[in-house]
Number of protein chains: 2
Amino acid sequence: MTRSETARPRPYGGLADKRRSILTGALTVFARDGYSRASIDAIAAQAGVSTRTIYNHFGDKAGLFQAVIQESASRAAEAQIAIIDRHLGKIVDLEADLVEFGEALTGPMSAEHAEHFSLVRQVNAEAGHIPQAAVDAWQETGPLRVRRALAARLREIAARGLLRIDDADIAARHLMLLISPAEPSYPGAPVSPEEITRLVTAGVRAFLHGHLPRRDR
Amino acid sequence: MTRSETARPRPYGGLADKRRSILTGALTVFARDGYSRASIDAIAAQAGVSTRTIYNHFGDKAGLFQAVIQESASRAAEAQIAIIDRHLGKIVDLEADLVEFGEALTGPMSAEHAEHFSLVRQVNAEAGHIPQAAVDAWQETGPLRVRRALAARLREIAARGLLRIDDADIAARHLMLLISPAEPSYPGAPVSPEEITRLVTAGVRAFLHGHLPRRDR
DNA sequence: TCCGATTTACAACCATCGTTGTACTAATTA
DNA sequence: TAATTAGTACAACGATGGTTGTAAATCGGA
């Protein structure tokens with residue numbers, strides 16, 4: 001009897017993708033508001049799902065948060081690794097290829113996964129309130145996996161004599177740092193494409209000169 | 001009549017430093033728990049002050065948070081600039097001095113201002129919920145001021161022919177990035193002094209080779 | 001010692017929120 | 001079509017928390 005008109009859900013029959021709806025909706029809200037601010041009601045509304053369904057799928061808020069972290073890290077890492085493979089698989093002009101790589105990484109991919117990087121900021125702030133195991137698992141499927149993939153490519157390049165690398169992990173870390181122009185506090189990154197190119201190029205040059213073989217310096 | 005025995009406040013007369021007590025207590029709690037999690041009650045307890053006094057001094061929670069951000073940024077920036085001046089004022093051996101500078105910056109100073117850097121993570125996560133003016137003011141009295149001081153020192157060093165620098169601001173950014181070994185997600189930084197030295201040295205080498213004048217490469 | 005300002009303890013208000021139970025409805029399968 | 005499953009609406013509970021008013025108490029200085 002208390003049935004009403006509200007919420008004719010999806011017009012098409014879609015179902016069983018409830019879980020995915022929840023994950024993407026929760027990513028949006030967690031990334032925007034952070035863990036504490038984000039309410040289950042807001043997430044349910046964003047996902048077009050009842051709050052009860054969220055609890056049925058993920059147990060409680062903390063469980064949902066961890067699932068979102070894992071999912072988002074996995075997707076973003078795959079996208080980043082794809083870019084790594086695409087740009088650093090076949091090197092023709094090292095500096096040019098690195099610049100293109102950096103632009104691809106900080107331009108369209110950062111834009112497409114903006115919510116993910118916002119979520120990463122939340123995780124970094126919230127780390128003290130997340131079980132250590134969950135933080136470790138996230139590091140493993142996310143940043144560490146990406147850095148290892150990048151380090152492997154750098155090692156290949158070094159093996160061809162185009163780079164001199166002592167510690168590929170440190171080199172990968174340096175490269176990632178030097179080509180990330182974003183001020184973390186300004187999510188909407190009001191940086192123009194020219195500015196990105198300028199910062200990325202400067203970062204790549206600094207990286208290259210720090211890791212070029214002696215004969216090329 | 002409802003007077004009781006709880007809370008014999010400070011045995012010594014201290015007063016009028018209530019404001020400072022609140023700021024340092026709030027820094028502790030905000031840094032540990034983040035803005036939303038931090039309750040006024042917890043802050044009052046940490047500061048040894050009644051909640052009412054907090055409202056009398058800072059209006060509301062948001063006002064307190066912004067005051068804490070400003071205060072903490074100001075203190076940390078002064079400490080960082082002091083280290084910059086001490087290590088980069090008189091250069092004798094550029095690489096050695098830079099390594100010492102990096103160690104000073106990432107070792108004792110990071111430890112002493114650990115709460116500050118934890119707060120910075122909170123601000124980065126919370127940026128979307130803080131008035132833009134407050135974020136700008138924080139950037140100005142904190143990171144930007146430090147980077148400008150570092151850029152000025154680097155320009156001096158370049159003027160003496162020890163570095164080749166096109167854009168001192170970018171160079172300062174690079175140096176700060178390369179000598180910060182901390183994984184942001186692991187606040188308790190379980191990195192040994194040897195590991196710090198290793199990472200800082202690698203960062204300094206990469207930076208130096210990226211910015212040395214040609215004749216020294 | 002007395003006055004004004006500051007601080008405190010306390011209560012109360014109102015809002016939000018995580019979570020659960022439940023009965024009803026829509027979708028899937030046999 | 002019947003039975004099982006998954007999803008929804010709704011209400012309710014308990015807890016927490018920001019904020020304010022107020023009267024007592026404490027402190028600094030004249």
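Order of the sequence lines fixes the chain letters, A, B, ..., with proteins taken first and strands second; residue numbering starts at 1 for each chain.
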Problem set entry | Any donor-acceptor N/O pair, A:R75 side chain to A:E71 backbone, under 3.5 Å | no

Problem set entry | Given D:dT8, C:dT8, D:dG18, the nucleotide with the shortest approach to the side chain of B:I40 | D:dG18

For this session: Mind calculating the distance between NZ (B:K61) and C1' (D:dG17) to the nearest angstrom?
Result: 8 Å

Exercise. Within the structure, does a side-chain N or O atom of A:H57 lie under 4.0 Å from either OP1 or OP2 of D:dG7?
Worked result: yes

Problem set entry | Rounded interatomic separation in angstrom, taking CG from A:D41 and C1' from C:dA15 | 13 Å

Exercise. With a non-hydrogen cut-off below 4.0 angstrom, is A:A38 in contact with a base, only sugar-phosphate, or nothing?
Worked result: sugar-phosphate

Exercise. How far apart are the C-alpha atoms of A:R198 and A:E194, what are their side-chain angles, what is the distance that settles it, and do they pass the salt bridge (Lys or Arg N to Asp or Glu O under 4.0 Å) test?
Worked result: CA-CA 6 Å; A:R198 192 175 135 261; A:E194 296 79 20; over 6 Å; no

Exercise. Hey, which of these two, B:G59 or A:N56, hits DNA chain D nearer its 5' end, going by closest nucleotide?
Worked result: A:N56

Problem set entry | Residue pair B:D85, B:R153: steps toward the salt bridge (Lys or Arg N to Asp or Glu O under 4.0 Å) verdict | CA-CA 8 Å; B:D85 291 340; B:R153 290 300 184 185; 3.1 Å; yes

For this session: Tell me which nucleotide among C:dG18, D:dT8, D:dG17 gets nearest to the side chain of A:S39.
Result: C:dG18

Problem set entry | Value in whole Å for how far the P atom of C:dA9 lies from CZ of B:R52 | 14 Å

Problem set entry | Spacing between B:K18 atom NZ and C:dA5 atom P, to the nearest angstrom | 19 Å

For this session: Tell me, please, which residues at least two apart from A:H116 pass side chain to side chain donor-acceptor pair (under 3.5 Å).
Result: A:S72

For this session: Provide, to the nearest angstrom, the distance between the CG atom belonging to B:L64 and the P atom belonging to D:dG17.
Result: 16 Å

For this session: List the atom of A:A125, the atom of B:Q122, and the distance in Å for their closest heavy-atom pair.
Result: O-NE2, 3.0 Å

Problem set entry | Integer-rounded Å distance: C:dT6 C1' and B:Y55 OH | 18 Å

Exercise. Whole-Å distance between D:dT16 P and B:D33 CG?
Worked result: 15 Å

Exercise. Counting only side-chain N and O atoms of B:T53, is one of them less than 4.0 Å from OP1 or OP2 of C:dT7?
Worked result: no

Exercise. For A:I43 and C:dT16, what is the distance between atoms CD1 and C1' respectively, to the nearest whole Å?
Worked result: 15 Å

